[in-house]
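Ligands are counted one by one from 1 in listed order, and the atoms in each one are counted from 1 as well. Sequential numbering from 1 along the given sequence is applied to the chain's residues. No hydrogens, no waters, no symmetry mates; every other heavy atom, side chains included, goes into these values.
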Amino acid sequence: MQAIAVGADEAGGPLKEHLAKYLEEHGYEIRDYGNGNDQDYPDVAAKVAEAVSAGEHERALLVCGTGLGMAITANKIPGVRAVTAHDPYSAERARKSNDAQVLAMGARVIAPEAAEKVLDHWLASEFQGGGSTEKVEKIKEVDAEFRGEDAGA
Ligand code: RB5
């Protein structure tokens, strides 16, 4: 597997550090896009999502206060499917059903040990294909249709 991208804003820094260490202890290579002392969540989410879109990472983990702003921003980058998930089932379905490359979590929402479990399920799950393929293709069609255009509010 390619290195897993990790990044955080100031609010997400400590949880990101905890999870990056956890990933390394479990044999994953990581590429760290920083902790947000000089970057807000849209800055780091865009940077990481651009790298995912360019094929540099199959998976990325973003941590902010809630996991919401990171996912919203990452989903603006063409080809990127980002989710906020704080429970193992959603994390698993995000891979199996939605082929999400980016997982966002909130340091103000979830405890470090619970976040490890969510991460475990996300990493252990792969896109299931089958009936989900057509649906993910439809996401890609929407992405292509509106790319570059003013999406308004
Ligand atoms: C702090 O900027 C906080 O708004 C941020 O970490 C995140 O929760 C945004 O979605």
Above 12 or not: heavy atoms from other molecules or residues under 6.0 Å from CD of Glu25?
yes

Name every donor-acceptor pair, under 3.5 Å, that has one atom in a side chain of residues 78-87 and the other anywhere in the protein, sequence neighbours excluded.
residue : atom : partner : partner atom : Å
Arg81   : NE   : Asn98   : O            : 3.2
Arg81   : NE   : Asp99   : O            : 3.0
Arg81   : NH2  : Asp99   : O            : 3.1
Arg81   : NH2  : Asp99   : OD2          : 3.4
Thr84   : OG1  : Gly67   : O            : 2.6
His86   : NE2  : Gly106  : N            : 2.8
Asp87   : OD1  : Ser90   : OG           : 2.6
Asp87   : OD2  : Tyr89   : N            : 3.2
Asp87   : OD2  : Ser90   : N            : 2.8
Asp87   : OD2  : Ser90   : OG           : 3.1

When you pair each N or O of ligand 1 with protein N or O atoms, which pairs come out under 3.5 Å?
residue  : atom   : partner : partner atom : Å
ligand 1 : 6 (O)  : Asp9    : OD2          : 2.6
ligand 1 : 6 (O)  : Gly65   : N            : 2.7
ligand 1 : 8 (O)  : Gly65   : N            : 3.3
ligand 1 : 8 (O)  : Thr66   : N            : 2.9
ligand 1 : 8 (O)  : Thr66   : OG1          : 3.0
ligand 1 : 10 (O) : Thr66   : OG1          : 3.2
ligand 1 : 10 (O) : Gly69   : N            : 2.8

Could you walk me through whether Arg95 and Glu126 pass side-chain contact (heavy atoms from CB on, under 4.5 Å), step by step?
CA-CA 5 Å; Arg95 288 292 313 143; Glu126 292 295 345; 3.1 Å; yes

Taking only residues two or more places apart in sequence, or in another chain, which ones meet Tyr28 in a ring-ring contact (aromatic ring centres under 6.0 Å, His included)?
none

Taking only residues two or more places apart in sequence, or in another chain, which ones meet Glu10 in a side chain to side chain contact (heavy atoms under 4.5 Å, CB included)?
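Glu10 satisfies side chain to side chain contact (heavy atoms under 4.5 Å, CB included) with Asn37 once adjacent residues are dropped.
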
Which value, rounded to the nearest 0.5 Å, describes the distance between Met70 atom CE and Asp40 atom CG?
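It is 9.5 Å, given to the nearest 0.5 Å.
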
